[in-house]
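Everything on this sheet refers to the single structure shown next.
In what follows, chains carry the letters A, B, and so on, assigned in the order in which the sequence lines appear, proteins first and then strands, with residues in each chain numbered from 1. Note that the structure is predicted; figures quoted are calculated from it, not measured.
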There are 2 protein chains.
Amino acid sequence: MRGNVFAVTVELVVLTVRDDELSVLLVRRDMAPHAGELALPGGFVRPQEDLLDTAARELAEGTGLALPGHHLEQLGSYAAPDRDPRGRVLGVGHLALVPAGSLGAEPVGGQWYPVDATGPLAFDHAAILADGVERARAKLEYTTLAASFCPEPMTVTQLRRVYEAVWGVSIDPRNFNRKVTSTPGFLLPTEERTSSGRGRPAQLFKRGPATVLHPPMLREPPAQ
Amino acid sequence: MRGNVFAVTVELVVLTVRDDELSVLLVRRDMAPHAGELALPGGFVRPQEDLLDTAARELAEGTGLALPGHHLEQLGSYAAPDRDPRGRVLGVGHLALVPAGSLGAEPVGGQWYPVDATGPLAFDHAAILADGVERARAKLEYTTLAASFCPEPMTVTQLRRVYEAVWGVSIDPRNFNRKVTSTPGFLLPTEERTSSGRGRPAQLFKRGPATVLHPPMLREPPAQ
DNA sequence: GTCGCTAGCGTCATTCTGACGACAAGCCGG
DNA sequence: CCGGCTTGTCGTCAGAATGACGCTAGCGAC
């Protein structure tokens, strides 16, 4: 096993939808290597920690967000031999989806950036971010994860704006309404309605128990 | 970084369809720990190797199969603190799909087992196997990966048997035929037909350039 | 030839979706 | 108070895709 010695880190792709834009939480590095550059939050796995434990701890330390209550899943591992100048470091990317406004405007030690306007990132974090964004986009098709981006309770329009922001498309409100309200367990209706704001008050919903969306809500196939 | 020291292995879930059964390549361990038990093939990542390089090398060593030409993708990482009694070992699971008959009946140093009749496996390999099988089942829905299980050239019936074996369902041959032949780029027709065998000769196809299947071919949603 | 088998075409009803029209129910400015 | 604006919600209709299934084509076995 000599030579097969790695340090293992967890990197977090924390996504939210702010101002109708899919955004990612980035931190500015204050230590070498890549000091001063933007990077995904993350850190080293501790001796007795499992990967998701590390990810949840880093999420809490970096943002104050606690599990359970937020979606967190593993994306994959990145281990190119030259990805870290300090030596052999394997990074395990994770994806977290959090509702808008669950952090202050300026979260602890980080800042929100639209996912397609981050500029260059440290290490191979741009690739990890791209994989996380693509995972999120794909999962909206066949799961109910979009609701994880919305605070509770939510309106159908809020949920639709999530899809529109994540996919970068516009969706017909009437067809979207039909789809999500006719999918059992996606949205649980409450008796309440929005009180203020322009237009007709909207019914408020909570997240339902369903996790899969069948049949799925398909994007147009990415032009090949 | 003291304490954050891992050995990193790659584990392979090599799947094929043999005799209408989804099967996995397993090896019997000859060294401790777990000597004598069945396990996924795999091994340690070498100092200058990337993960997919290691996986491709182990695939070649264990089966004689060479990339390119076979599907290989990363599944995810497994790093529970107690998953290996030798110490902290992070395993990166990979999924490979190979056509039936591309190995001899008894591949080098391994043997095929139906995925739901393996018995217990060493380490946490049962969990990795389960994740690999579920990944394969899901990907048949929205990609053209099923063709990776078929030798070239293939018939539509061979492809249908792959779906039936992987999903454990039966599919109407006529509807299946309509679906796969009307999807541009899934199957490229050739001028040849099967020569021997019972029944009417079938047209032979090669794999087309398409990788995604749109619209997808949906399984019944797993009963929740 | 006739039977059994597999391949592959066509038909029809149902479901789901995209593209709308229409109305409901609040605010706002006169 | 009233008409316009905004947003939410229901309904209609055509087209696409699918599930169920009839029917014929073309081979080997007998």
For R174(B), report the nucleic acid contact type (base, sugar-phosphate, nothing); a contact means any heavy atom under 4.0 Å.
base

Expressed as a whole number of angstroms, how long is the span from R193(B):CZ to dA7(C):P?
11 Å

Can you tell me the distance, in whole Å, between the CZ atom of R219(A) and the P atom of dG18(C)?
14 Å

Want to settle it: does D172(A) or T155(B) sit nearer the 5' end of DNA chain C, counting the closest nucleotide to each?
T155(B)

Main-chain N/O of D124(B) paired to Y78(B) side chain as donor or acceptor, under 3.5 Å:
no

Under a 4.0 Å N-O cut-off, is there an ion pair linking R137(A) with E220(A)?
no

Return the value, rounded to whole Å, for the distance between atom CE of M154(A) and atom C1' of dG8(D).
17 Å

Between C1' of dG10(C) and CG of N177(B), the distance in whole Å:
12 Å

Under 4.0 Å between any heavy atoms, over every strand shown, what does T157(A) touch: base, sugar-phosphate, or nothing? Just pick one.
sugar-phosphate

Among dT12(D), dT18(D), dT9(D), the one nearest R178(A) by side-chain distance
dT12(D)

Starting the side chain at C-beta, find the nucleotide from dC16(C), dC27(D), dG8(D) nearest to P201(B).
dC27(D)

Counting N and O atoms only, with roles assigned by atom type, does the side chain of R207(B) sit under 3.5 Å from a partner on the main chain of A147(B), one being a donor and the other an acceptor?
yes

Of G199(A) and P215(A), whose closest DNA chain C nucleotide lies nearer the 5' terminus?
P215(A)

Using modelled atom types and a 3.5 Å cut-off, is there a donor and acceptor pairing between side-chain atoms of H94(B) and backbone atoms of E73(B)?
no

Please figure out whether S195(B) or M217(B) has its closest DNA chain D nucleotide nearer the 5' end.
M217(B)

What is the nucleic acid contact for N175(B), judged by heavy atoms within less than 4.0 Å: base, sugar-phosphate only, or nothing?
base

Considering just the side-chain nitrogens and oxygens of R198(B), establish if one lies under 4.0 Å of OP1 or OP2 belonging to dT6(C).
yes

Donor-acceptor pair, W112(B) side chain versus R18(B) backbone, under 3.5 Å?
no

Hey, is the side chain of R200(A) poking within less than 4.0 Å of OP1 or OP2 on dA24(C), counting only N and O atoms?
no

Look at the side-chain N and O atoms of K179(A) and state whether any lies under 4.0 Å from the OP1 or OP2 oxygen of dT17(C).
yes

The side chain of A202(A) is closest to which nucleotide in this list: dT9(D), dG26(D), dT6(D)?
dT9(D)

Interatomic distance where CZ belongs to F176(A) and C1' belongs to dC20(C) [whole Å]:
18 Å

